[in-house]
Amino acid sequence: MGASRTEEEINEIKATVLMALGTVIDPELGVDIVNLGLIYGVEFDDDTGNTEIQMTLTTMGCPLADILTESIYEALNEIPEVNQVDVKLVWYPPWTPDKMSRYARIALGIR
């Protein structure tokens, strides 16, 4: 590929990736994974189009890991600049409800 995009263009691609991740809904909570604060990072390699998503889960034994990962692949498949997706589960720092957006708190009735 070697598109040699500017930093601004790469940031736009990352923003597009985040918007796509915002369509991935946690089936148990009914709120997207971005607003839940589960996305810890997005890395985009301009040369290859490979994209790494660092995310966590609300609990270590969360049975939804495979479902959420598959939904992430589907959502990012629609972005032409993204070639390959790698979802890395990270456990540090541990997820807490403090990581949720105001929207998620209101949707879940948490103050």
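Applying the side-chain hydrogen bond (donor to acceptor under 3.5 Å, both in side chains) definition to pairs two or more places apart or across chains, those involving residues 10-33 are Asp32-Asn35.
Leu76 and Ala20 make their closest contact through CD2-CB, 3.7 Å (heavy atoms, listed as atom of the first residue, atom of the second, distance). Residues Tyr73 and Val85 approach most closely at CE2-O, 3.2 Å, considering heavy atoms. Closest of all the heavy-atom pairs between Leu64 and Pro27 is CD1-CD, 3.9 Å. Between Val31 and Tyr103, the shortest heavy-atom contact is CG1-CE2, 4.1 Å. Residues Ile110 and Met100 approach most closely at CD1-CE, 3.3 Å, considering heavy atoms.
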Problem set entry | Derivation and outcome, side-chain contact (heavy atoms from CB on, under 4.5 Å), residues Tyr40 and Lys99 | CA-CA 10 Å; Tyr40 282 7; Lys99 297 194 182 305; 3.2 Å; yes
Exercise. So Ile79 and Val17, side-chain contact (heavy atoms from CB on, under 4.5 Å) or not? Walk me through it.
Worked result: CA-CA 8 Å; Ile79 302 172; Val17 167; 3.9 Å; yes
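A donor-acceptor pair is defined here as one N or O able to donate and one able to accept, closer than 3.5 Å; no such pair exists between the side chain of Asn50 and the backbone of Asp45.
Here the straight-line distance linking atom CD of Glu7 with atom CD1 of Ile10 works out to 7.5 Å at 0.5 Å rounding. Atoms CG and CG, on Leu29 and Leu108 in that order, are 5.5 Å from each other to the nearest 0.5 Å. The structure places CD of Glu8 at 11.5 Å from CD1 of Ile13, a figure rounded to the nearest 0.5 Å. One finds the CD atom of Glu43 at 11.5 Å from the NZ atom of Lys88 (value rounded to the nearest 0.5 Å).
When the side chains of ILVMFWY residues are joined at heavy-atom separations under 4.5 Å, either directly or via intervening members, Ile33 and Tyr92 end up in two distinct hydrophobic clusters.
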Donor-acceptor list for residues 52-61 side chains, cut-off 3.5 Å, not counting sequence neighbours:
unit_1 : atom_1 : unit_2 : atom_2 : d
Glu52  : OE2    : Gln54  : NE2    : 2.5
Thr56  : OG1    : Val90  : O      : 2.8

What side-chain donor-acceptor pairs closer than 3.5 Å can you find for residues 65-72, not counting sequence neighbours?
unit_1 : atom_1 : unit_2 : atom_2 : d
Thr69  : OG1    : Ala65  : O      : 2.8
Ser71  : OG     : Ile67  : O      : 3.0

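At a threshold of 4.5 Å between non-hydrogen side-chain atoms, the residues Leu21 and Val42 count as touching. Taking the side chain as every heavy atom from C-beta outward, Ile39 and Leu18 approach each other to under 4.5 Å.
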